[in-house]
**Q** 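I have a structure I would like to understand better, so I am pasting it below and will then ask my questions one at a time.
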There are 2 protein chains.
Amino acid sequence: MISNSSKYAIKAVLFLAIHSNEENKIMVKDIAEPINVPQAYIAKLLQELAKRKLISSTRGPKGGFYLSSEDKERNVMDIISVIDGEKKINSCLLSLERCNSSNPCPIHHLANQSRIVLIENLKQNSINELALDVKNGKSKLPL
Amino acid sequence: MISNSSKYAIKAVLFLAIHSNEENKIMVKDIAEPINVPQAYIAKLLQELAKRKLISSTRGPKGGFYLSSEDKERNVMDIISVIDGEKKINSCLLSLERCNSSNPCPIHHLANQSRIVLIENLKQNSINELALDVKNGKSKLPL
DNA sequence: TCTAAAATATGATTTAAATCATATTTAAGA
DNA sequence: TCTTAAATATGATTTAAATCATATTTTAGA
Ligand code: FES
Ligand code: FES
């Protein structure tokens, strides 16, 4: 439903939200370790996120990744959409085909509402808001 | 979150609920095709479900798989638990470690409630009830 | 303008899940 | 009791996701 890659990407973006800004960029090697994701792997994900404009980056010495103020207004679903694609999280729990309320599978009505709520919630808070929660001790960035 | 194997297993069990009973057993080859799952693959899953007592089977000529009346009182979460294991569906969306409301990750509060609701819903209806929905045209068994 | 430090692009390798294959065991019926 | 049809047990192969490796491009600063 949500890939490992998406989870890693979310962790990395939140880490950047907490520790970086326009004037304080962070290199992959300084991101990989604290979030406990292999460096080469998170590098690839960060590159993809940068290409898709969810995070910002500059090359060369003093370069690195960071979140611009617009980047911080993104939400978690934006990240999942870029890494996994829209359709994956919306696919039918049984068929992998089109999930459709007018032609539902036997467990559609058991699963559909909670999925809608989940997706809605993942769009509700900005990266910035989630980062503030961590700063305020209301949540933790796990390994 | 829910593996392909679990999805296949759920489809197979629902198929058995609709088409089989103590006097009318069904062979793997007659299950595989209608639910559109490779025969050797669904065979393995059915064997596991039978070993774990979620479905019934008899060997030899006139043998096959079927659901006893007790089997039909099981629910979808029972199947997921047997195929994927309990912990998988309950793991943290970010860390893969213990998901814990008193030490939550940044998206715990975005995801936890809907997951609880999903799991509760998947336990709510018996296989028999879900099969009746299909028989009554209220839902469809997809490919 | 050179050098070094960073991201980027691209592709190879590994691993776990999915899929396939087959020898063994059980039970019905002749 | 023999034969045959079924599930069962076990393991091999394939595939997609995860992970690793490296040559190229860009840019800051000497
Ligand atoms: S049709 Fe299966 S979850 Fe919607
Ligand atoms: S701690 Fe991450 S989902 Fe609960």
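Throughout, protein chains are lettered first and strands after them, A, B, ... in sequence-line order, and every chain is numbered starting at 1. Source: prediction; values computed, not measured.
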**Q** Nearest to the side chain of Ser3(B), heavy atoms from C-beta on, is which of dA9(C), dA18(C), dA6(C)?
**A** dA18(C)
**Q** Send over the distance from Leu45(B) CG to dA17(C) C1', rounded to a whole Å.
**A** 12 Å
**Q** Which part of the nucleic acid does Lys25(A) contact within heavy-atom distance under 4.0 Å: base, sugar-phosphate only, or nothing?
**A** nothing
**Q** For the pair Asn121(A) (side chain) and Leu118(A) (backbone), establish whether a donor and an acceptor sit closer than 3.5 Å, ignoring hydrogens and angles.
**A** no
**Q** Hey, does Ile26(A) have a side-chain heavy atom less than 4.5 Å from the side chain of Leu16(A)?
**A** yes
**Q** Out of dA18(D), dT19(C), dA7(D), which has the shortest distance to the side chain of Val28(B)?
**A** dA7(D)
**Q** In whole Å, I'd like the distance from the NZ atom of Lys29(B) to the P atom of dA7(D).
**A** 9 Å
**Q** Figure out the NZ/P separation between Lys51(A) and dT25(D), and round it to whole Å.
**A** 15 Å
**Q** Give, ordered by number, those residues of residues 31-43 of chain A having at least one heavy-atom distance below 4.0 Å to an atom of DNA chain C; if nothing qualifies, reply none.
**A** none
**Q** Provide, to the nearest angstrom, the distance between the CD atom belonging to Gln47(B) and the P atom belonging to dC20(C).
**A** 15 Å
**Q** Just wondering, more than 12 heavy atoms not from Glu33(B) lying within 6.0 Å of its CD?
**A** no
**Q** Can you measure Met27(A) atom CE to dA7(C) atom P for me and round it to whole angstrom units?
**A** 7 Å
**Q** If you check every side-chain atom of Lys44(B), which of dA18(D), dA9(D), dG11(D) has the closest atom?
**A** dG11(D)
**Q** Is any side-chain heavy atom of Gln124(A) closer than 4.5 Å to one of Glu120(A)?
**A** yes
**Q** Does Asn136(A) use its side chain to pair, donor to acceptor, with the backbone of Leu132(A) at less than 3.5 Å?
**A** yes
**Q** Summarise how protein sits on nucleotides 24-30 of chain C as a single string, 5' to 3': B when a protein heavy atom is under 4.0 Å from the base, S for sugar-phosphate-only contact, - for no contact.
**A** -BBBBS-
**Q** Take the protein atom CG of Asn4(B) and the nucleotide atom C1' of dT19(C), then report the distance between them rounded to whole Å.
**A** 11 Å
**Q** How many whole angstroms separate atom CD1 of Ile83(B) from atom P of dT19(C)?
**A** 14 Å
**Q** Taking only side-chain nitrogens and oxygens of Ser5(A), does any of them come within less than 4.0 Å of OP1 or OP2 of dA18(D)?
**A** yes
**Q** Quick one: does any side-chain atom of Arg115(A) pair with a main-chain N or O of Ser91(A) as donor and acceptor, under 3.5 Å?
**A** yes
**Q** The test is side chain to side chain donor-acceptor pair (under 3.5 Å); show your working for Ser68(A) and Asp71(A) and say whether it passes.
**A** CA-CA 5 Å; Ser68(A) 68; Asp71(A) 294 338; 3.0 Å; yes
**Q** Without decimals, in angstroms, what is the distance between Leu46(B) CG and dA6(D) C1'?
**A** 13 Å
**Q** Would you classify Ile55(B) as touching base, sugar-phosphate or nothing, given that sugar-phosphate means primed atoms plus P, OP1 and OP2, and contacts are heavy atoms under 4.0 Å?
**A** nothing
**Q** Looking at every non-hydrogen atom in both residues, tell me the closest pair between Asn75(B) and Asn125(B) and how far apart they are.
**A** CB-O, 3.4 Å
**Q** Do Asp133(A) and Ser139(A) get their side chains close enough for a donor-acceptor pair, meaning under 3.5 Å?
**A** no
